[in-house]
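First up is the structure itself, then whatever we jot down about it.
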Protein chains: 2
Amino acid sequence: MIQYSNQTRILVAVDCIIFGFDGSDYKLLLIQRGFAPEKEKWSLMGGFLQFNESLDEAANRILYKLTGLEEVYMEQMHTFSRPDRDPVERTVAVAYVALIDIQKYKQQISDKFHAHWFRMNELPHLIFDHEEMVEMAKDQLRYKAALHPILFELLPKKFTLPHLQAMYESLYETKIDKRNFTRKVLSTNMLVKEKEKDKASSKKGAYYYSLDESRYKDGFQTVLNFIPKNEMPGAKE
Amino acid sequence: MIQYSNQTRILVAVDCIIFGFDGSDYKLLLIQRGFAPEKEKWSLMGGFLQFNESLDEAANRILYKLTGLEEVYMEQMHTFSRPDRDPVERTVAVAYVALIDIQKYKQQISDKFHAHWFRMNELPHLIFDHEEMVEMAKDQLRYKAALHPILFELLPKKFTLPHLQAMYESLYETKIDKRNFTRKVLSTNMLVKEKEKDKASSKKGAYYYSLDESRYKDGFQTVLNFIPKNEMPGAKE
DNA sequence: GCAAAAGTGTTTCCTGTACACCCATGA
DNA sequence: TCATGGGTGTACAGGAAACACTTTTGC
């Protein structure tokens, strides 16, 4: 077979940044690395690109291995390439971001990787450039969530409006007026009100809602405005 | 030196999607590939990642080789990885998007790569998956330009408001009311009115403007709204 | 009966949009 | 003088933000 001569062939890794939301905090799913170097240190879930798979396939394979979940929202974020980023050997790493429903995950978790959910502000030190990846993913999530209804991916099948609002307030570290928030969210027509209430987090109980999948898909690209302008990432003072 | 065993090492390519605007059309800078396979076919400007450089460095090296330009707006877009995307050998390709001022380029062009500007709607067939890359880059440009003042990167030092408006109208294939457009653009405070006029494209002449670099940098992240909502990519019908 | 969270409407302001005429100049 | 493209202001409408009280119920 013909080959390109005199070129360097290197390893291509895939690392998954897996976000969850537990009702009050954003969390990141991390594993304890099982091999040297940096054995036992905390790390993103990763692996190497195999010869006959695409990056998307690799990312899904890796995510499945860790969480048992398939058909999860995941997209490629950025490729990291500092020559010294992995001390063992030259490796570029393609970072993927996944948003998953923590509850769904709980039913499926395979624990052989010593995976653990960490609150975003209590992350341990991570190996290599994984902290940089996480920072970029957080920035990107804040950016995208302000414009598109992407956070719905983090919700369980049934959720309440206060739950949804808490997700936004936590991500932007701000308080949102619940009347305005409710109106905006419902005006997307992406939510369907259920008959039951969630009585767990209040005495009165809050109505459950679920996603109208087809309207959600249709409206995913539309530019929204859930977040007041002054709270937008990068807003002028 | 320790290595990761039993893993596939592959080639990492960098391909540059270079956009320009000539006053009425968007153009793409392509080269005729100088080596087999697909010799003489049109292609994005690309090259392989070298052992001791990052992807950003590789992209800039490649862009410089082709255009002679440095410090150009360029960012990583996406990594392409179909196993069969390069028939010679397994290769992943990291695509970068660059926006350059065609006039500036004209002074610097080195012609040894048989580079040529093609109008966006008259592109030749491209090798491998380069057409897919270009499509994604166009979509991304339309998306970003509707929200951020990114198209300024395509302008020469001095430009006129009609020139700027033509860029937006061409990108979104729409007509924009010039009174509204002018007001929005000037309200960013990113433009400085010059004293001279451009007499080339009208009898009356249009005032030149230039970028206020510091305000441009500060305001780059702010979410703008130059494009009427109905013309936004992905808008509902 | 009271504490704690859920739910709900109105007014104000601002931003976005539609729209038409005069100006300067080269030919 | 006329044809061409450049430049400017206003009125209206719709969306975003500010704002407070009532409801439910577990304890």
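In what follows, chains carry the letters A, B, and so on, assigned in the order in which the sequence lines appear, proteins first and then strands, with residues in each chain numbered from 1. Source: prediction; values computed, not measured.
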Starting at CG of D198(B) and ending at C1' of dG5(D), how long is that distance when rounded to a whole Å? 11 Å

Once each nucleotide of nucleotides 4-11 of chain C is scored for protein heavy atoms under 4.0 Å, what B/S/- sequence comes out, 5' to 3'? SBBBBBB-

Run the salt-bridge test on K158(B) and E194(B) with the 4.0 Å N-O cut-off and return the result as yes or no. yes

Would you find more than 12 non-hydrogen atoms of other residues, nucleotides or ligands less than 6.0 Å from E173(B) atom CD? no

Atom pair distance, as rounded to whole Å: CD in Q165(B) and P in dG5(D): 14 Å

Let me know the distance between NZ of K175(A) and C1' of dA18(D), rounded to the nearest Å. 17 Å

Give the rounded distance in Å between these two atoms: CZ of F226(B) and P of dT17(C). 13 Å

Does the ring centre of H148(B) sit less than 6.0 Å away from the ring centre of Y143(A)? yes

Parallel, tilted or perpendicular, as decided by the 30° and 60° cut-offs, for the rings of Y105(A) and W117(A): perpendicular

From the list V134(B), L171(B), D25(B), side-chain contact (heavy atoms from CB on, under 4.5 Å) with M120(B) holds only for V134(B)

Look at N225(B) and dT15(C) and indicate whether a side-chain polar atom (N or O) is within less than 4.0 Å of OP1 or OP2. no

Whether E70(A) and R61(A) form a salt bridge (side-chain N of Lys/Arg under 4.0 Å from carboxylate O of Asp/Glu) is what I want to check. no

